[in-house]
Asker: 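Structure incoming, see below.
Computed from a predicted structure; not experimentally measured.
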Amino acid sequence: MYARFFPFKKDSLNKKQMNKKIIYLALLFFVSAIFSCSESGEEPIVEEGESSVQFVKTEISISGKAGQRSVILAWENVEWEIETSGGESFISNISPLTGGQKGKSGYTTIYFNVSENILLDERLDELFVVNKASGKKVKLQITQETLPFVTVNAAAKHQEVVGFGGMYNPAIWLSADNRIDASELATMYAPDGDLQYSILRLMIYPDKTKWETDVAGALQALEYGAIVFACPWDCTDALADYIDKDGDGDSDKHLPEKNYEAYADHLIEYIQFMKSKGVDIYSISVQNEPDMHFTYWTPQEVANFTASYGAKIRATGVKLMTPEACGFSPDYTNAILNSAEAFANTDIVAGHTYQGFTNLSSNYVKGRHDYVESLYASHLKPAGKGGWWMTEKLFGSYGYDLESGDYKTWAYNFDKLGLEMHMCMEAYCSAYLYWYLKRFYGMIGDNNTEHGYVAEGEVMKNGYIMAHYSAYATGTTRIDIDVPNENVLATAYLNETENEISIVALNRGDSAFETFVELPEKVTAHKAVETTQHYNMKTVETELSNEQKHVKISISPQSIYSLKVRF
């Protein structure tokens, strides 16, 4: 890059004037080199003689956002003023409008405001600097870009999304005054409730006399349109033996092979009992966390049981889930996948993400994340089994997170649950379930006076984060979305029955992200809600373009945002 100047006559200048001119030209060259970014590549030209004024750029390009911009003016021995092109302009509040001085030279920064470009195309405007003595004008062309475009591709379909929810507080582990009552269940599961959850998880108690305690809650959830599934922790004392699984002298409950059929009959009896009460169980798990101390199974035992008795359980019309390993252990999942009989008897591959899913800087976590993500393409989709289910996770109940109280903050919930739910959906998850729905670290507050930070039954930030997904992604198919901002993480969903597309986005940046969402068809309705540190599921403004195929949105910094459009 170089600056081009008109020549001047040496004999017309004295030494002092010559030095002054050289210094001025050198400075102008330096500023031009720094600030010259015009797309045309034109260099500024200084007028011949003692009087000159011009912008150091002949063209500039600015973003589509509203705000203040600036340009630099170079002048010598002149008084000048700024003019606009006249007529309709997106430029306002120009300052200063005049300046310069005879016998002086310098650089002046011209500030001006621009309005937001709400058009789908870039727009042009012009500023002029006028030499007040000669009347000559020098033009600056300003190109304002359009806002960035977010695009969705409804033809690129991925996993079906069944829904979201959590654990119905177990009667055998919590006092009667800290269980979920009907009004709290309505808050979480009613179609017109605050959260619109869609899946309820039950514990299969080893004591059959306790099964009745969950019937009313399950029926209420079903009335709201949710699905209900159940998981056993305990194979019952009658069927168990005890082993030292870790060789540390401790005794762990275990189901011997001779009792496999009796255990299958125990699960079937639960299904039939609930059905007799009007509760249709959607699916049932072989075992909650078989790799832990509730009832221990080896991976091979899991595969053998599923291969031998899975069909008998599925004959009830209930889907069969894999045992839900604590860390979605490949050992347990692969045991099912690698057995043709066991995999054939499996409807849902499930697990928990307690050993990490989001911190991809950890080789261990990344390996586990990548393994889980690969399940859909490698096994589930080819077999027509849909995406995998994440059936239990909690944040903030122990260690530093609990002691520091970080779990009470928006930043903690946003960075923990918000990020993990996004990454799970991107990784082909079909259902995401939290642990206790009602708990001081859960979706709504409980009666814990030591750690609780909202009133009992009041919705917490975690509750609203999950609601963004449950209200906007349940019963859909995930589709492709492209977002031109590295701070904004988004997933998109197609509801073909309702002819809708929805988007759930996390803006992890420190500034708002304004964009046009480009859609494949004309939009007939559009709505968006947003949750930040300061408000929950607040309806926010959206604007439809004239041709009805672009929706303008603005996502606040550090927020979770959901948009739904109907065609």
Side-chain angles (χ1 to χ4, degrees), residues 164-174 199-208 210-211 213-214 217-218 227-240 242-243 245-246 252-255 259-260 263-264 266-271 274 281-306 309-310 313 318-333 335-336 342 345-355 357 372 388-394 397 429-437 439 442:
F164 307 85
M167 185 74 192
Y168 192 61
N169 292 23
I172 63 173
W173 286 357
L174 292 172
I199 305 179
L200 184 68
R201 185 184 186 216
L202 304 180
M203 177 182 286
I204 301 176
Y205 307 127
D207 181 355
K208 301 174 188 178
K210 299 290 186 183
W211 291 352
T213 59
D214 289 350
I227 64 174
V228 176
F229 77 99
C231 310
W233 268 247
D234 189 329
C235 70
T236 77
D237 291 338
L239 299 179
Y242 293 86
I243 63 172
K245 81 178 186 70
D246 296 322
D252 297 288
K253 184 171 283 190
H254 171 260
L255 179 70
N259 290 335
Y260 280 6
Y263 180 64
H266 168 71
L267 299 181
I268 291 169
E269 185 178 356
Y270 174 84
I271 293 168
M274 296 300 279
I281 298 296
Y282 179 83
S283 60
I284 198 166
S285 167
V286 172
Q287 173 67 47
N288 174 75
E289 297 182 351
D291 46 344
M292 301 299 285
H293 296 273
F294 304 109
T295 297
Y296 175 70
W297 301 61
T298 67
Q300 191 58 53
E301 287 173 334
V302 162
N304 292 344
F305 174 84
T306 305
Y309 298 101
I313 297 171
V318 170
K319 298 180 186 296
L320 186 64
M321 303 171 69
T322 61
E324 308 148 76
C326 181
F328 226 120
S329 169
D331 290 344
Y332 283 86
T333 305
I336 299 292
N345 287 334
T346 298
D347 298 290
I348 299 168
V349 171
H352 305 162
T353 54
Y354 282 117
Q355 294 177 22
F357 197 77
V372 175
W388 51 273
W389 286 32
M390 204 303 295
T391 53
E392 185 183 313
K393 186 66 175 282
L394 65 87
S397 71
C429 177
S430 281
Y432 190 102
L433 284 296
Y434 203 74
W435 179 226
Y436 285 153
L437 286 164
R439 199 71 170 107

Asker: Exactly one of Ile268, Ile313, Asp347, Ile284 should register a side chain to side chain contact (heavy atoms under 4.5 Å, CB included) with Val318. Which one does?
Answerer: Ile284
Asker: Between the side chain of Asp331 and the main-chain N/O of Pro299, is any donor-acceptor distance below 3.5 Å?
Answerer: no
Asker: Test your reading of the model: is there a side-chain donor-acceptor pair from Asn288 to the backbone of Cys231, 3.5 Å cut-off?
Answerer: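 No: the side chain of Asn288 does not pair with the backbone of Cys231.
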Asker: Please name the pair of heavy atoms, one in Tyr270 and one in Ala230, separated by the smallest distance, quoted to 0.1 Å.
Answerer: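 Heavy atoms only, the tightest pair is CE2-CB, 3.5 Å.
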Asker: Lys210 and Ile172: which non-hydrogen atoms are nearest, and at how many Å?
Answerer: CG-CG2, 4.1 Å
Asker: Supply the atom-to-atom distance Leu433 CG to Leu200 CG, rounded to the nearest 0.5 angstrom.
Answerer: 8.5 Å
Asker: Can you tell me if Thr236 uses its side chain to pair, donor with acceptor, with the backbone of Pro206 under 3.5 Å?
Answerer: no
Asker: Can you measure from SG (Cys235) to CD (Gln287) and round to the nearest 0.5 angstrom?
Answerer: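 Going from the SG atom of Cys235 to the CD atom of Gln287 covers 7.5 Å.
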Asker: Quick one: sort the Phe305 and Tyr309 rings into parallel, tilted or perpendicular, breaks at 30° and 60°.
Answerer: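 Because their plane-to-plane angle lies in the 30° to 60° range, the rings of Phe305 and Tyr309 count as tilted.
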Asker: Say whether, by atom type as modelled, one donor and one acceptor occur between the side chain of Tyr432 and the main chain of Lys393 under 3.5 angstrom.
Answerer: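 Absent.
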Asker: Would you call the rings of Phe229 and Trp389 parallel, tilted or perpendicular if under 30° counts as parallel and over 60° as perpendicular?
Answerer: perpendicular
Asker: Quick one: are Gln355 and Phe328 in side-chain contact, heavy atoms under 4.5 Å?
Answerer: no
Asker: Can you tell if the side chain of Phe357 reaches within under 4.5 Å of the side chain of Met390, non-hydrogen atoms only?
Answerer: no
Asker: Donor-acceptor check, side chain of Glu289 to backbone of Glu324, threshold 3.5 angstrom: yes or no?
Answerer: no
Asker: Are the side chain of Thr346 and the backbone of Ile348 linked by a donor-acceptor contact shorter than 3.5 Å?
Answerer: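 Checking the backbone N and O of Ile348 against the side chain of Thr346, no donor-acceptor pair under 3.5 Å is found.
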Asker: If you define the side chain from C-beta out and look only at heavy atoms, does anything of Glu301 sit under 4.5 Å from Leu255?
Answerer: no
Asker: Counting distance only, does the side-chain N/O of Tyr263 pair as donor-acceptor with the main-chain N or O of Val286 below 3.5 Å?
Answerer: yes
Asker: Taking all non-hydrogen atoms of both residues into account, name the closest pair between Ser283 and Met321 and its distance.
Answerer: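 So the two residues come closest at OG-SD, 3.4 Å.
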Asker: Judged by atom type as modelled, is there a donor-acceptor pair below 3.5 Å linking the side chain of Thr295 to the main-chain atoms of His254?
Answerer: no
Asker: How far does CG of Asp252 sit from CE of Met292, to the nearest 0.5 angstrom?
Answerer: 10.0 Å
Asker: Would a 4.5 Å heavy-atom cut-off, applied to side chains only, mark Tyr434 and Met167 as touching?
Answerer: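 Side-chain contact under 4.5 Å: no.
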Asker: Apply the test side chain to side chain donor-acceptor pair (under 3.5 Å) to residues Tyr205 and Asp214: give CA-CA distance (whole Å), side-chain angles for both, the deciding distance (0.1 Å), then the verdict.
Answerer: CA-CA 10 Å; Tyr205 307 127; Asp214 289 350; 2.9 Å; yes
Asker: First locate atom OH of Tyr282, then atom CD1 of Ile227, and finally report the distance between them rounded to the nearest 0.5 Å.
Answerer: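 One gets 5.0 Å once the value is rounded to the nearest 0.5 Å.
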Asker: So how far is it from Cys326 SG to His293 NE2, rounded to the nearest 0.5 Å?
Answerer: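 Interatomic distance, Cys326 SG to His293 NE2, rounded to 0.5 Å: 10.0 Å.
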Asker: Can you find a pair of side-chain heavy atoms, one from Met274 and one from Val228, that are under 4.5 Å apart?
Answerer: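 No, their side chains stay 4.5 Å or more apart.
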Asker: Roughly how far, to the nearest 0.5 Å, is the SG atom of Cys429 from the CH2 atom of Trp388?
Answerer: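 Reported to 0.5 Å precision, the distance equals 4.0 Å.
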Asker: Do Thr298 and Lys245 come within less than 4.5 Å of each other through their side chains, counting heavy atoms only?
Answerer: no
Asker: Is the shortest side-chain heavy-atom distance between Pro290 and Tyr332 below 4.5 Å?
Answerer: yes
Asker: Give the minimum heavy-atom separation between Thr322 and Ala350, together with the two atoms involved.
Answerer: OG1-N, 2.9 Å
Asker: Begin with the C-alpha distance, continue with both residues' side-chain angles, and end with the deciding distance and a verdict on side-chain contact (heavy atoms from CB on, under 4.5 Å) for Val349 and Ile336.
Answerer: CA-CA 9 Å; Val349 171; Ile336 299 292; 5.6 Å; no
Asker: Grab the two heavy atoms, one from Tyr436 and one from Arg439, that are nearest each other, plus how far apart they are.
Answerer: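 Nearest heavy atoms, Tyr436 then Arg439: CD1-CD, 3.6 Å.
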